[in-house]
Amino acid sequence: MPWRLLRFATTKKHPEPRMFTEHAELKPSYDVVIIGGGGHGLAAAYYLGRDHGITNVAVLEKGYIGGGNTGRNTTIIRSNYLTPEGVKFYDESVNLWQDLSQEFDLNLFYANRGHFTLAHTDSALRTMRWRAEVNKHYGVDSEVVGPDFVKRAAPMINLSCGHAPILGALYHAPGSIARHDAVAWGYGRGADMRGAEIHQQTEVLGIDVRGGKVCGVQTSRGYIATDKVLCAVAGFTPRILDMVDIKTPITIHPLQAMVSEPLKPWLDPILVSGSLHIYVSQSARGELVMGASLDPYELHSTRSTLDFVEGLSAHMLDMFPFLSHVKVMRQWAGMADMTPDFAPIMGKTPIEGFYLDAGWGTWGFKATPVCGKTMAHTIATDTPHPLINGFSLDRFRNYSLTGEKGAASVGH
Amino acid sequence: MKIMTCPFNGPRPVSEFFYWGEIRPMPDPATCSDESWADYIFNRNGAPGVKQEWWCHIASNTWFIAERNTEKDLVLRTYLFEEEL
Amino acid sequence: MRLPPVPGEWLDRSVDVSFSFEGKTYRGHAGDTISSALLAADAGILGRSFKYHRPRSVLSMANHDVNAVCQWGDRPNVRADVTRLQAGMDLAAVNTFGGLKSDKASVLGSLSRFLPVGFYYKSFHTKRLFPMWERLFRTLTGLGKVSFNTPHIRTAKRYGFCDVLVIGAGPSGLAAALAAAEQGAEVVVVDENARAGGSGGYVRGGFGPQAEQLADDPLTRVLAHPGVRLMTETYAAGYYADHWVALVGGDVLTKMRTKSVVVASGAYEQPAVFRNNDLPGIMLASAAQRLIYRYAVRPMQQAVVLTANQDGYRAALDLAAHGVEIVAVLDLRLSSTASEPELAVKARGIPVLPGHHIVEALPGANGKSVVGAIVAGRGKMRTLACDGILMSIGWAPAANLLYQAGTRMRYEQSLEQFVPDTLPPGVFACGRVNGVHTLSARRLDGQRAGSAAAAHAGFGDARVITVPAEMECPTHPWPIVAHPKGKNFVDFDEDLQLKDFENAVQEGFDNIELLKRFSTVGMGPSQGKHSNMNALRILARLTGREPQQVGTTTARPFFHPVPMSLLGGRGFSPERRTPLHARHEALGAQWMMASVWQRPEHYRLTDKDRQQCIREEAMAVRQNVGLIDVGTLGKLEVIGPQAAELLERVYISKYANLKVGMTRYAVMCDESGVVIDDGVVGRLAEDHFYFTTTTSGAATIYRELSRLNTMWRLDCGIVNHTGAFAAVNLAGPKSRALLSRLTSLDLSATAFPYLALREGVVAGIPARLMRVGFVGEWGYEIHVPANQGATLWDALMAAGKAFALRPFGVEAQRLLRLEKGHIIIGQDTDGLTNPFDVGLEWALKMDKPFFVGQRSLHVIGRQPRKQKLVGFVLDAQFNGSAPQECHLVIDCGEIAGRVTSIAWSPTLGCHIGLAFVRPELAETGTAIAIRLTDRSTVSATVARTPFYDPDNLKQKEPA
Amino acid sequence: MKFPSPLSPIHDALLTGAAVWNSADSLPPSVSQFDASDPQKAALLGVADHSHLPRAGVKGPGATGWLAELGLSLPSRSNSWLPFPDGGLIGRLGNTEYLIEGNAARVAQIMQTPRAPGVYPVLRQDAVFALCGSRVNELLLQTCNVDFRCLVADPTQLLLTSMAGVSVLVLVAGNKIHPVYRLWCDGTYGLYLWETLTGIAEELGGGGIGLDALP
């Protein structure tokens, strides 16, 4: 048994301090104000302190930390993207993930499971080879495998999948899952320890821009002067950008998920099927965590629908017929901020001192560490980090989209 | 399931419909700048609110306009495109 | 222990049901649940807790006894408290190590001091060791087991429709149903229990059914009313937009659309928190009452009743009436309103101790049942011997569906309960969920809600009914007792103790949502039914706030978990088949999916492998004649004076100048200039065009053209004939000779030249014929009404015998078109490809006034090219493993493109392909390097396309 | 048995061996009896193939006037239908599209009359099914998210909706006691829908029937 646990038993009082300092009031000014206390915002605050010595930072969160898409996703981590920009970016993220638990001294349950994207059509198989080849070019472990390989890794799978037989898969060995909430807490605590202030229940009401420059932020708890603002609010991005009159291609679509009752572990890898619109893994609690595709129409809410659980269950049974008796316990939704090319929008904006970390659609969780790191760099130096050059807002003005969409029938 | 009202076919479950997106007036391609054209092509009115959207009742191929609150998912009214002219 | 027959019991004592539990055989009766039968048989404990593996038994008998969960054959997580006993059930408790009685994992209970809330976040995370710890956790985690042999169960999901849906058939729900039906509404009432009546059936205060119930039994009246349908053993699993409620009953999911909803779902009785409050024998008072009146089970011999309302006194009377000795009634309140049940309890001589609480329950020697309670009050502590403790300290509203419907709830101080504050239109609440607890008031409240719901649905007017206020507070605000040694459980699913909450808040998780996520309170299978309210009270107290300020977590579907087989239903997978489907099947087609169609990929021959079959099919086309079903192509018509104008606006080429009787290739872009579809446009008359789209584009292109024409209001109409026409392509040097045997059309090159369109009769069938060259040979695409497609096919096949005709599949067609250098949209293009990238400049008419995508292509056209699609060939001597589609082109160590199509050409005797390359590599003759999966590279040479018949001689009459 | 052209879109599903066929000139052959248990199936839940009937379609802003000039009486409301005295029918789909079915001469006349401005002929190659029996409502509830009681209440209505994932046109014929639902779908979805509907019908004690068993 790890020694750490002894400490809990040998002290009378619970030996753990507060993870996040309580701040009764906002300071009149900060060097950097981060809007959004999700994984991305907290990670940016963390790396601003750790890598750039910028600690006079406020993270403003309308609700509670990690309460948005950080706490609503299906926790899949991978880097098998299609474009060179995407592969390099997410690969750096996967590298950072490896050490986070130790770095935070907080167990994120980062569990390497291997990730299969199943192909049910020859065109899907072609796209997978494309992804595998680009991945390998940048040193990312991906390969196209046949149905027999899939069967070995998940012997219980029904290869004929109802009407859509599995022809092969893209296998990405580094694919992992993690305890999503803890990621926000780890970054939050790390940022807090370095001096950043986390203000929950603090809503941004306006952004003060004068002469093309950011001067301050109006909040539900008063005005803050600052000349640097990071907007990292995922599904709420269009609302914040409306305040500063920046237009983007982002549209908001609900993304739903569901979870089964706890089961004894039987599924090791993470499985994704574009044709069946499934992604599934089994969590540390034994629950099957399942998701599908985006809802078909724009909506700024996290309501659940019955057709989602019906469709996903039907497809799950096509792949795993033996789950007939397994019960779905709960469903929920997040708001995905989609872009036309399925790549994020990161970096500087036409407003000086206003930085954007948005367009996270269905791929935001896995990027949490690298987003924090590159946005911290971008804010500290007022120069986009090289890894995010392909993700600038400018690309839509220049018709130079990144083309991640080519690979993503289900983007998770 | 959400109910959407087709001007011809009446209230139906939203699964009978195809969503296209917000009506966006096209600038005159002959006179507009490259920049305002790119703005039309890519940018969206992403913030929530009441929007005029194209919807199609699939079984009857009926295109119509729905005025919808995109935060509350409330359909305020639906009408045929011609009726607005 | 089984009681003698109890009036109103749900048992059929004439039917014995034999079953086994943990290897031992038991008998119960029809009508028992697993739990009631086991308790009747004094079987001891029913399950183990999730974390510490503590022995547990009945808590609620109301579908949240999450520790009494069984494995029943291949069914995991069967809830013993509510699952009906069936003959031959072979049951075992889930998640034990070595059996329920001597679960080895119970050692975890003694380690609990080492494992405080969130302990797993604080340790085990050395990078090197985590995988080992994870394996250990994975053996401990989870409840039931799946069996891989379980079949795919397809169920008959159905839709339902009604005017008023009443959820809950207790006193208020039944009253609501009657009131609504009397106003003329068609009413459906659902109740999750086997019988309707709710607490009206088991809260009796020691008597038989209450006098007023007998006089005017609402259930009888409901059952007699023709406007009411009662669905028992059916629960409302979730509320969705526009009054769409998922009802789960038996093996069917009913998706009920209603005009208004009455939520009469009642309340969950709440546990008190004291040390060892989880010992078997300690249960909610309502659980004991259910056991007695539904299942005739005496839950204990000697009971201590802990209460804070008159429900507890009523329960004491119910127990006493069935032979249970009531040791004492402990009332958490210092004083009470001296209700009728309380007076009756006192009259029976049962000791009542006001201002008393339980400090600790005492376990028996084996630790598996309660043998006494240490109680305190008025400054004194004492020990009471008992073998059971009833908890009746208050209620939490079963408001899940109200929350899902968007109800705003408010904490009502006088009731110590959340009640609906603002209900959405068409949603009504009554009874306990609405904060109304007294039986007579619940009925009135039900009438009020039912009448209002009927009125909302358009039936009658809402009656004005005043519901009297509650005389006593039904719920205690703090039924929680700290203990230095803990084990005072707040959440029985997750084994969370009071101190876990204190510790979590100390660590900063002082928001209800954060607390939930850190501690996992309410995240187990009961989804917080017994734990959320106490957690909220604890958090409120720890942070010095009111419950209203703390607020609740979001209640999401489902109310109770729902099996996937019910949600999945039959799993409809619509599939289109061309009229030639059976013909292909008979010819040995190997099928492939092409959007919603199945198409023959190739035709299998017994003595040949796939590759051979495909090459032979292709060679047949090159040398003789082949026949392929192209009926899956989109087939549209546009008719009217402005038909040409529509096509001008949606395709990149010109069609206004297309001659009648001719066809032209057609490429469509989206507004950003990306190529999205292609096909052939033919002109049948000045104002009449017939055109094709890709197979996958058919439905979407028709829909989008309809939208554009709705907007543009051109004087023309679009007709979708995709399914109405069968279509084949007859191609090869002998196609004309073959066809001439079946038609009187003049097939000479002058009368029917390349790219011409003709209408005529083939094999006696009226047909449209197009001379197209997709596969690079002389050929005809023949379109006929779908109901004559098979006849045409048969006629062509019969006439083709003399010409060695072979049917060919999609793969051979791909090879043939590649030899001809034709691209396939979606394979040789991707989501960002524009016409410049793929050499379609020749088709692109930028001098037209307008077409979709034109303005963007103006911009793109001025930019430097990033890539170009080129043809390439491998050396004819190459005999290694060939590149595959999507292998990368590498130049100076960098990605310089990718292969989009490649095949070995039997005609040319070498590998040919198409690839995207950087513009500087696009020159014919350039050597390019293609990297294979194994990292080796293959050299290829950029070549001119078409590879085959570059001068299109095959379309000309031989000189 | 050799079948002359043309054929029903679900011809392959009707080739059971037990079927008794009807064949008229220039029409697809139809099944008059599916098997010996037709009457029992029809009483509970029968599904019959009606695809063989001659059929024509026309749409466009000029369609209403054009059909009126041909002497047809037209349904006055959108999404409604009228029976012809000879058993055929005319349906108005939406506002400006018509489906005419039943009488071969009438159908041929419509198909051969030159179109006029704003008149767009539609080639109708539908799969057409008739559903009958005491359990027909259960079948409808299992496949379609529309309350068909509105059709029984107003039998002049036409419904364009989705059934088991396929777009269909539905109306109710027969009478209130023995309603017969008729539905049209794209012929290429016909086999799928036939297999789905007869599959459910079999579970409910019915199945495919011949036309003679329809009430």
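Residue numbers start from 1 in every chain, and the chains themselves are labelled A, B, ... in the order their sequence lines are given, proteins ahead of strands.
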Do you know which of [options] has the most heavy-atom pairs with chain A at a distance under 4.5 angstrom?
| options | value |
| --- | --- |
| C/W244, C/F518, C/Y239 | C/F518 |
| C/F50, C/F558, C/F119 | C/F558 |
| C/N503, C/L253, C/L140 | C/N503 |

Given that the side chain runs from C-beta out, which part of [X] has a heavy atom under 4.5 Å from chain A: side chain, backbone, both or neither?
| X | answer |
| --- | --- |
| C/F130 | side chain |
| C/R570 | neither |
| C/S856 | both |
| C/I890 | side chain |
| C/E575 | side chain |
| C/E502 | neither |
| C/P557 | both |
| C/M523 | both |
| C/L832 | side chain |
| C/K499 | neither |
| C/N511 | side chain |
| C/L566 | neither |
| C/V94 | neither |
| C/Q71 | neither |

Using non-hydrogen atoms and a 4.5 Å limit, figure out which bit of [X] sits close to chain C: side chain, backbone, both or neither.
| X | result |
| --- | --- |
| A/A164 | both |
| A/K136 | both |
| A/L267 | backbone |
| A/R126 | both |
| A/F320 | neither |
| A/L108 | neither |
| A/M329 | both |
| A/D181 | side chain |
| A/V144 | neither |
| A/S142 | neither |
| A/F308 | neither |
| A/S304 | both |
| A/A284 | backbone |
| A/N112 | neither |

So, [X] and [Y], do they make that salt bridge, N to O below 4.0 Å?
| X | Y | answer |
| --- | --- | --- |
| A/D268 | C/R138 | yes |
| A/E16 | C/K122 | yes |
| A/R113 | C/E134 | yes |
| A/E103 | C/K127 | no |
| A/E310 | C/K157 | yes |

Does a donor on one side chain sit under 3.5 Å from an acceptor on the other, for [X] and [Y]?
| X | Y | result |
| --- | --- | --- |
| A/H163 | C/Q598 | no |
| C/S672 | A/Y399 | no |
| A/H325 | C/N77 | no |
| A/R179 | C/Y121 | yes |

(request) Go through the structure and list residues passing salt bridge (Lys or Arg N to Asp or Glu O under 4.0 Å) with C/R898, not counting sequence neighbours. (result)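 C/R898 satisfies salt bridge (Lys or Arg N to Asp or Glu O under 4.0 Å) with C/D830 once adjacent residues are dropped.
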(message) Checking A/Y64 now: which residues fulfil ring pair (Phe, Tyr, Trp, His ring centres under 6.0 Å) with it, not counting sequence neighbours?
(response)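 Result, ring pair (Phe, Tyr, Trp, His ring centres under 6.0 Å) vs A/Y64: none returned.
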(request) May I ask you to decide if C/H125's main-chain N or O and A/S101's side chain share a donor-acceptor pair within less than 3.5 Å? (result) no
(message) Determine whether the aromatic ring centres of residues A/F109 and C/F137 are separated by less than 6.0 angstrom.
(response)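 Yes.
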(request) Tell me whether the centres of the aromatic rings in C/F509 and A/F20 are closer together than 6.0 Å. (result) yes
(request) Kindly indicate whether the side chain of A/R285, heavy atoms from C-beta on, has any atom under 4.5 Å from the side chain of C/T520. (result)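 They are in side-chain contact.
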